[in-house]
Amino acid sequence: MNWINKIKKKTEKIDNSRDLKRGEIKTILIDNFKEQIPDFPLLDYKNGVYFFERIKSIDNYKIYETFHLSFGLKDKNFSCSVSSTLNPTYRYIGTYNSGILTQHVNLIVLKKNKGIIPIEEAYYFHNGKIDTTTKIVKTIVDDYKQYGLRFLDKRYNDLFDNIIFDKGLRLLESITIDKIVLKEQIENELKHLDYVSSRLKNSVYLDMKEQLQAVPKQDKDLRQKIHGFAYSLLEYYWENE
């Protein structure tokens with residue numbers, strides 16, 4: 001059976017319930033999250049995506065832990081992901097990320113523990129009927145409890161032991177240049193670098209990157225993320241109070 005037929009089998013599953021009404025999914029989602037994961041209330045709905053969120057903190061910095069859920073009534077699928085970030089702007093950004101300041105990963109990737117997933121398994125499919133769709137929502141919430149929360153809890157605990165993260169916060173607090181000036185300097189330079197942040201020659205960026213690279217006893221994986229982390233710290237600085 002090819003992938004198209006596998007998807008059709010899921011989206012054309014017959015049950016005797018009525019068709020799902022437009023907008024009805026919001027109530028189903030809220031009810032299931034409220035019952036199973038009450039500390040993740042609905043934050044917002046933007047551009048077809050529902051956002052559920054809880055906020056934790058480290059050293060007076062807020063950690064935004066957000067569940068992204070995109071629902072397609074016509075396409076008959078759900079796309080779900082989990083993110084953890086210090087920068088509130090990234091609560092609404094769907095780009096997957098494995099950086100230090102922000103991590104964002106697909107829920108099914110967490111569940112299956114592998115990055116390459118065939119398309120017929122990459123979404124939560126439904127048939128547009130109230131009963132089946134409600135069951136799929138329950139499956140999503142169960143998966144989020146088991147795999148999403150495990151990811152977020154591990155990520156949160158790892159930040160306490162991340163020597164680069166701790167150093168980055170201290171460096172962030174030492175920046176004195178005006179936020180608007182710094183943003184203009186870096187954005188103007190990026191225009192001439194094809195927006196590749198690792199090629200920046202801005203003195204504030206270079207100094208931060210060099211000090212992070214000088215932190216002893218860091219492993220190879222952390223070291224490879226330093227240039228992106230330095231940029232994301234500066235981005236956080238000019239975007240937030």
Side-chain angles (χ1 to χ4, degrees), residues 1-54 65-85 90-99 102-155 221:
M1 184 183 297
N2 63 31
W3 65 269
I4 294 177
N5 289 329
K6 289 179 179 178
I7 291 175
K8 282 185 176 181
K9 184 177 180 181
K10 297 176 181 180
T11 58
E12 295 177 358
K13 179 181 178 180
I14 297 174
D15 69 47
N16 295 321
S17 64
R18 62 175 173 79
D19 290 342
L20 189 71
K21 297 177 182 178
R22 183 169 297 277
E24 194 170 20
I25 191 64
K26 179 178 179 180
T27 300
I28 296 173
L29 289 170
I30 290 174
D31 288 347
N32 276 271
F33 266 83
K34 186 175 182 180
E35 178 182 350
Q36 297 295 325
I37 321 177
D39 55 337
F40 276 82
L42 180 66
L43 168 68
D44 209 341
Y45 174 78
K46 288 187 176 184
N47 301 319
V49 181
Y50 294 91
F51 300 91
F52 294 82
E53 183 180 86
R54 75 178 176 190
E65 298 181 335
T66 314
F67 181 62
H68 305 228
L69 186 147
S70 175
F71 170 72
L73 181 58
K74 182 179 179 181
D75 296 335
K76 296 184 178 180
N77 65 50
F78 294 88
S79 177
C80 306
S81 61
V82 186
S83 70
S84 169
T85 183
Y90 281 83
R91 292 180 296 173
Y92 299 112
I93 293 178
T95 305
Y96 293 146
N97 196 318
S98 59
T102 299
Q103 288 193 7
H104 189 168
V105 64
N106 182 278
L107 180 60
I108 292 179
V109 168
L110 291 175
K111 180 178 181 178
K112 294 182 176 294
N113 196 28
K114 58 182 181 181
I116 301 177
I117 299 174
I119 189 170
E120 68 271 16
E121 299 176 16
Y123 300 88
Y124 293 88
F125 292 97
H126 64 87
N127 63 356
K129 298 287 187 176
I130 186 71
D131 284 355
T132 296
T133 306
T134 300
K135 289 179 182 178
I136 298 301
V137 169
K138 291 182 181 297
T139 297
I140 291 171
V141 174
D142 285 344
D143 287 349
Y144 186 52
K145 285 180 65 177
Q146 183 172 356
Y147 304 102
L149 292 185
R150 183 189 302 168
F151 164 80
L152 291 174
D153 290 342
K154 183 179 186 303
R155 149 81 169 167
D221 181 61

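No hydrogens, no waters, no symmetry mates; every other heavy atom, side chains included, goes into these values.
- Shown here are the side chain to side chain contact (heavy atoms under 4.5 Å, CB included) partners of Asp221, two or more places apart in sequence or in another chain: Asp219, Lys225.
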Begin with the C-alpha distance, continue with both residues' side-chain angles, and end with the deciding distance and a verdict on side chain to side chain contact (heavy atoms under 4.5 Å, CB included) for Asp44 and Tyr92. CA-CA 9 Å; Asp44 209 341; Tyr92 299 112; 3.5 Å; yes
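- Smallest separation of non-hydrogen atoms from Arg155 and Ser84: NE-OG, 3.0 Å.
- The 12-atom threshold is not exceeded at OH of Tyr123, counting heavy atoms of other residues, nucleotides or ligands nearer than 6.0 Å.
- With sequence neighbours excluded, the residues that form a salt bridge (charged side-chain N to carboxylate O under 4.0 Å, His left out) with Asp153 are Arg54.
- Between Thr66 and Thr85, the closest side-chain pair of non-hydrogen atoms is not below 4.5 Å.
- Judged by distance alone, with hydrogens and angles left aside, the side-chain atoms of His104 form no donor-acceptor pair with the main-chain N or O of Gly99 at under 3.5 Å.
- Scanning for side chain to side chain donor-acceptor pair (under 3.5 Å) contacts around Asn106 gives Tyr96, with sequence neighbours left out.
- For the ring-ring contact (aromatic ring centres under 6.0 Å, His included) test, residues two or more places apart in sequence or in another chain that qualify with Phe67 are Phe33, Tyr144.
- Residues Thr11 and Asn127 form no side-chain contact, since every pair of their non-hydrogen atoms from C-beta on lies 4.5 Å or further apart.
- With sequence neighbours excluded, no residue forms a side chain to side chain donor-acceptor pair (under 3.5 Å) with Thr134.
- A 4.5 Å side-chain heavy-atom check between Asn32 and Lys138 finds at least one atom pair inside the cut-off.
- Counting only residues at least two apart or in different chains, salt bridge (charged side-chain N to carboxylate O under 4.0 Å, His left out) contacts with residues 67-77 are absent.
- For the pair Phe52 and Val141, the minimum side-chain heavy-atom distance is 4.5 Å or more.
- Among residues two or more places apart in sequence or in another chain, the side chain to side chain contact (heavy atoms under 4.5 Å, CB included) test is passed with Glu12 by Lys8.
- Under the side chain to side chain donor-acceptor pair (under 3.5 Å) criterion, Asp19 pairs with Lys129, sequence neighbours left out.
- With sequence neighbours excluded, the residues that form a ring-ring contact (aromatic ring centres under 6.0 Å, His included) with Tyr50 are Tyr45.
- Here the side chains of Val49 and Leu69 are not in contact, with every heavy-atom distance at 4.5 Å or above.
- Between Leu73 and Ile25, every side-chain heavy-atom pair lies at or beyond the 4.5 Å cut-off.
- Atoms OH and CD1, from Tyr124 and Ile140 in turn, are 6.0 Å apart once rounded to the nearest 0.5 Å.
- With sequence neighbours excluded, the residues satisfying side chain to side chain donor-acceptor pair (under 3.5 Å) with Lys112 are Glu121.
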Let me see the working for Ile130 and Ile28 under side chain to side chain contact (heavy atoms under 4.5 Å, CB included), right down to the final yes or no. CA-CA 10 Å; Ile130 186 71; Ile28 296 173; 3.7 Å; yes
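- For residues 23-37, the set of pairs meeting the salt bridge (charged side-chain N to carboxylate O under 4.0 Å, His left out) definition, not counting sequence neighbours, comprises Arg18-Glu24.
- In this structure, the side chains of Phe78 and Val137 come closer than 4.5 Å at one or more pairs of heavy atoms.
- Listed by chain and residue number, Val109, Leu110, Phe151 satisfy the side chain to side chain contact (heavy atoms under 4.5 Å, CB included) test with Val105 (two or more places apart in sequence, or in another chain).
- A donor-acceptor pair under 3.5 Å links the side-chain atoms of Thr139 to the main chain of Lys135, judged by distance alone.
- By the 4.5 Å heavy-atom criterion applied to side chains, Thr102 and Ile93 are not counted as neighbours.
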Side chain to side chain contact (heavy atoms under 4.5 Å, CB included) for Lys13 and Phe125? Distances and angles first, verdict last. CA-CA 10 Å; Lys13 179 181 178 180; Phe125 292 97; over 6 Å; no
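- In this structure, the side chain of His68 does not engage the main chain of Ser81 through any donor-acceptor pair within 3.5 Å.
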